[in-house]
Amino acid sequence: MRTEEDAVKLLKFANRHKIPVVPRAGASSGYGGVIPTKGGIVADVTPLNKIINVDTEGQKAVVQSGIIWEKLERKLKEKGLSLQAIPSSAPSSTVGGWLSQSGAGYGSYEFGWGHKSMEKARVVLPTGEIREFRS
């Protein structure tokens, strides 16, 4: 998948034909969540890896789900910012994966769970509908 529109099309197709879809990006999780144990489609979201905007004044970034934490941290440091919580798997894990598993950063527990550092998430649901969730 390269765009949100691709995700919408894929999920609508899969929903219509009752095919399970498993998103996959960094695949750094030890929980096996990227393995379609009952068949289905593995949706590669690694191309959704862009930093859309960094607001240095508001200390916020808008990113796509496939962005690797380490890449995001490097870009933020260029602008005098840093992530509050970052996973130990930062060299390979993605923002979307961490959000979906509600990770907490090794050595950064004082900042809370990963989803607490995120203001909102735009999600394509299994039906293909797009929704925004706020923390």
Side-chain angles (χ1 to χ4, degrees):
M1 277 185 286
R2 299 200 182 284
T3 66
E4 183 179 85
E5 183 179 288
D6 289 344
V8 168
K9 287 178 186 176
L10 172 65
L11 289 167
K12 282 183 176 180
F13 171 84
N15 188 46
R16 187 170 46 252
H17 296 283
K18 307 282 188 243
I19 303 169
V21 177
V22 177
R24 181 182 177 111
S28 62
S29 171
Y31 302 117
V34 297
I35 301 166
T37 58
K38 297 185 180 189
I41 298 168
V42 176
D44 180 11
V45 298
T46 54
L48 295 169
N49 62 6
K50 312 255 180 320
I51 298 170
I52 296 167
N53 182 47
V54 176
D55 173 7
T56 53
E57 210 169 285
Q59 298 184 345
K60 297 177 185 179
V62 177
V63 301
Q64 293 178 318
S65 64
I67 184 99
I68 302 290
W69 281 105
E70 191 172 77
K71 179 180 175 184
L72 177 56
E73 175 70 1
R74 275 196 312 267
K75 191 63 162 179
L76 291 175
K77 280 189 177 186
E78 288 173 13
K79 297 183 179 279
L81 299 173
S82 182
L83 296 163
Q84 287 182 327
I86 189 164
S88 58
S89 57
S92 60
S93 67
T94 63
V95 169
W98 206 43
L99 175 60
S100 68
Q101 292 189 355
S102 192
Y106 179 77
S108 58
Y109 289 111
E110 67 269 22
F111 298 111
W113 295 98
H115 70 275
K116 295 288 187 185
S117 67
M118 296 180 196
E119 186 175 290
K120 63 183 174 181
R122 186 173 165 94
V123 177
V124 181
L125 299 175
T127 60
E129 174 191 0
I130 298 171
R131 295 234 352 243
E132 227 173 63
F133 297 90
R134 294 184 176 274
S135 59

query: With a 4.5 Å heavy-atom cut-off, do V42 and P36 have their side chains touching?
result: yes

- request: Grab the two heavy atoms, one from A14 and one from I41, that are nearest each other, plus how far apart they are.
  value: CB-CD1, 4.4 Å

- prompt: Residues in side-chain contact (heavy atoms from CB on, under 4.5 Å) with E132, at least two apart?
  reply: K120, R122, R134

side-chain contact (heavy atoms from CB on, under 4.5 Å) against V8, all qualifying residues, sequence neighbours excluded: K12, V124, I130

message: Considering only residues two or more places apart or on different chains, which pairs with a residue in residues 64-74 satisfy salt bridge (Lys or Arg N to Asp or Glu O under 4.0 Å)?
response: E70-R74, E73-K77

message: Using modelled atom types and a 3.5 Å cut-off, is there a donor and acceptor pairing between side-chain atoms of D6 and backbone atoms of R2?
response: yes

statement: Shortest non-hydrogen pair, L10 vs A43, comes out as CD2-CB, 3.7 Å

message: Check for me, please, whether L99 and L72 land in the same ILVMFWY cluster - side-chain distances under 4.5 Å, paths through other members count.
response: yes

For the student: nearest non-hydrogen atoms of T56 and L81, plus distance: CA-CD1, 3.9 Å

- request: Using a 4.5 Å cut-off on heavy atoms from C-beta on, say whether the side chain of M1 contacts that of D44.
  value: no

- prompt: Can you get from M118 to I51 by hopping between Ile, Leu, Val, Met, Phe, Trp and Tyr side chains that sit under 4.5 Å apart?
  reply: yes

- prompt: At their closest point, which heavy atom of G39 faces which heavy atom of P20, and how far apart are they?
  reply: O-CG, 3.5 Å

Nearest non-hydrogen partners of I19 and G40, listed with the distance: CG2-CA, 3.9 Å

Side chain to side chain contact (heavy atoms under 4.5 Å, CB included) assessment of V45 paired with R24: CA-CA 6 Å; V45 298; R24 181 182 177 111; over 6 Å; no

message: Does any part of the side chain of L11, heavy atoms only, come nearer than 4.5 Å to the side chain of V21, both counted from C-beta?
response: yes

Could you give the side-chain donor-acceptor pairs of residues 58-68 under 3.5 Å, partners two or more places apart or in another chain?
from : atom 1 : to   : atom 2 : distance (Å)
K60  : NZ     : E119 : OE1    : 2.7
Q64  : OE1    : N49  : N      : 3.2
Q64  : OE1    : K50  : N      : 3.0

- prompt: Going by the ring-ring contact (aromatic ring centres under 6.0 Å, His included) test, which pairs reach into residues 43-90, not counting sequence neighbours?
  reply: W69-W98

From CG (L48) to OG1 (T94), nearest 0.5 Å: 10.5 Å

- request: With sequence neighbours excluded, tell me which residues meet side chain to side chain donor-acceptor pair (under 3.5 Å) with S92.
  value: none

